[in-house]
Amino acid sequence: MTTSRPPLPPPRPFGRALCAMVTPFDPAYGLDLPAAQALAVHLVDNGCDGLVLNGTTGESPTTSDEEKTALVRAVAEAVGDRASVVAGVGSASTAHTVALARAAERAGADGLLVVTPYYSRPPQAAVGAHFRTVADATGLPLMLYDIPGRTGTRIEVETMLGLAEHERIVAVKDCAYDLLGSTKVMGRTSLAYYSGCEELNLPLYAVGGAGYVSTVANVAPRAMSAVLDAFDAGAVAEAARLNQLTLPLAELMMASGLPGAVTAKAVLGFPVRGPLQGAGEAVAARLRAARDALTG
């Protein structure tokens with residue numbers, strides 16, 4: 001008689017609930033490292049297993065290489081081994097990405113987030129070569145960032161399958177809006193899939209995802225992780241209910257026509273760098289009200 005075994009949990013190389021952390025600036029638009037350390041500790045204290053720095057929400061197009069490295073070093077020192085620190089190092093240039101990756105490794109990052117090279121729209125063979133070159137450049141595990149709406153280039157399923165063979169390519173931040181393709185890759189590889197789209201956090205998790213990389217977690221970390229807590233406990237209906245509660249805030253922050261960096265900082269009270277502009281007090285008040293309604 002064959003005894004059935006419960007399915008193995010999905011791999012979670014960086015934890016489960018990751019926050020795409022904003023980069024705090026001071027009133028003069030300089031990098032505010034003490035504020036970054038304080039925010040990082042607050043997020044970890046309130047349920048974030050990992051912090052993703054220097055990504056889209058971190059306004060990476062506006063920060064210098066030196067600022068990126070300083071931010072990784074400061075946050076890694078602040079959180080220690082309590083949470084993973086994943087450094088965004090993607091750029092449109094392979095050589096520049098490699099340089100950023102090596103700097104992040106020296107600064108204490110636990111992993112790398114690497115976006116598909118943008119603007120030049122390389123073919124799939126070149127996309128794969130780019131990621132392998134970056135993965136070979138350090139000893140850190142790498143999370144692919146698939147967001148064709150911003151880069152203009154998808155990481156196609158066959159390319160993902162090939163990249164999964166690399167020992168240091170371990171995860172995907174999934175913003176491709178293709179649950180079928182994502183499910184295919186999860187079924188054929190050990191890649192850990194993290195939702196990068198708030199509305200897909202629970203759906204992707206339910207079909208085998210590892211968790212999320214959330215912008216909304218900057219302002220409501222416990223509410224976001226509570227959805228996955230309920231699902232892990234087998235309370236699927238409760239997970240769905242809690243997920244519904246997050247949607248008004250998520251929609252205001254991510255689907256109102258303003259970038260997530262702008263809306264998150266409107267709640268937190270930090271300025272953004274140009275070309276982004278602040279949300280304005282009326283929008284900020286609506287965002288804070290939605291946050292307060294969710295978090296009680």
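Only a predicted model underlies this, so the values are computations on that prediction, with no experimental measurement involved.
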Task: Audit row: Y205, F231, ring-ring contact (aromatic ring centres under 6.0 Å, His included) steps and yes/no - done: CA-CA 9 Å; Y205 198 64; F231 190 90; 5.6 Å; yes
Task: Pair E281-R286, salt bridge (charged side-chain N to carboxylate O under 4.0 Å, His left out): steps then yes or no - done: CA-CA 9 Å; E281 181 51 38; R286 288 198 296 273; over 6 Å; no
Open item on the list: D229 vs R16, test: salt bridge (charged side-chain N to carboxylate O under 4.0 Å, His left out). Steps then yes/no.
Closed with: CA-CA 10 Å; D229 290 341; R16 185 194 61 170; 2.5 Å; yes
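Counting non-hydrogen atoms of neighbouring residues, nucleotides and ligands closer than 6.0 angstrom, the CZ atom of R82 exceeds 12 such neighbours. Counted within 6.0 Å of CD on E251, heavy atoms from surrounding residues, nucleotides or ligands total 12 or fewer; the atom is thus considered open.
Under the 4.0 Å criterion applied to side-chain N and carboxylate O atoms, K173 and D146 are not assigned as salt-bridge partners. Ionic pairing of R241 and E238 is present here: one or more N-O contacts between side-chain nitrogen and carboxylate oxygen are shorter than 4.0 angstrom. A salt bridge between R12 and D232 is present, with a side-chain N of the basic residue lying under 4.0 Å from a carboxylate O of the acidic one. A salt bridge does not link K184 to D178: none of the charged side-chain nitrogens sits closer than 4.0 Å to a carboxylate oxygen.
Checking D174 against S182 by side-chain atom types alone, a donor-acceptor pair falls below 3.5 Å. Looking only at atom types and distance, the side chain of T57 has a donor-acceptor partner in the side chain of T215 under 3.5 Å away. In this structure, a donor-acceptor pair under 3.5 Å is absent between the side chains of T133 and T94. No side-chain N or O of S60 forms a donor-acceptor pair with one of N54 less than 3.5 Å apart. With 3.5 Å as the limit, one finds no donor-acceptor pair spanning the side chains of T23 and E59. Checked by atom type, the side-chain pair S214/E198 shows a donor-acceptor distance below 3.5 Å.
Y194 and F14 have tilted rings, their planes meeting at an angle from 30° to 60° on a 0 to 90° scale.
Looking at every heavy atom in both residues, E105 comes nearest to G139 through OE2-N, 3.0 Å. Across all non-hydrogen atoms, the minimal contact from P24 to A35 is CB-CB, 3.8 Å. In terms of heavy atoms, S195 sits closest to L200 at OG-C, 3.5 Å. Scanning both residues, Y145 and I155, for their nearest heavy atoms gives O-CD1, 4.1 Å.
A distance-only check finds a donor-acceptor pair linking the side chain of T69 to the backbone of D65 [under 3.5 Å].
Residues L268 and V283 fall within the same hydrophobic cluster, defined by Ile, Leu, Val, Met, Phe, Trp and Tyr side chains chained together at heavy-atom separations under 4.5 Å. Both F131 and V98 belong to a single network of hydrophobic side chains, linked directly or stepwise wherever heavy atoms of I, L, V, M, F, W or Y lie under 4.5 Å apart.
Results of the side-chain contact (heavy atoms from CB on, under 4.5 Å) test with L258 over L287, L276, T263 single out T263 as the only residue that passes.
Side-chain contact between M253 and N218 is absent, with no heavy-atom pair separated by less than 4.5 Å. With contacts defined as side-chain heavy-atom distances shorter than 4.5 Å, the pair M160/Y193 qualifies. Residues L294 and L245 have side chains in contact (heavy-atom distance under 4.5 Å, counting atoms from C-beta outward).
For the atom pair CG (L53) and CG (L51), the distance works out to 6.0 Å, reported to the nearest 0.5 Å.
For R273 and F25, the positive end sits near the middle of the six-membered ring, less than 6.0 Å away and at most 45° from its axis.
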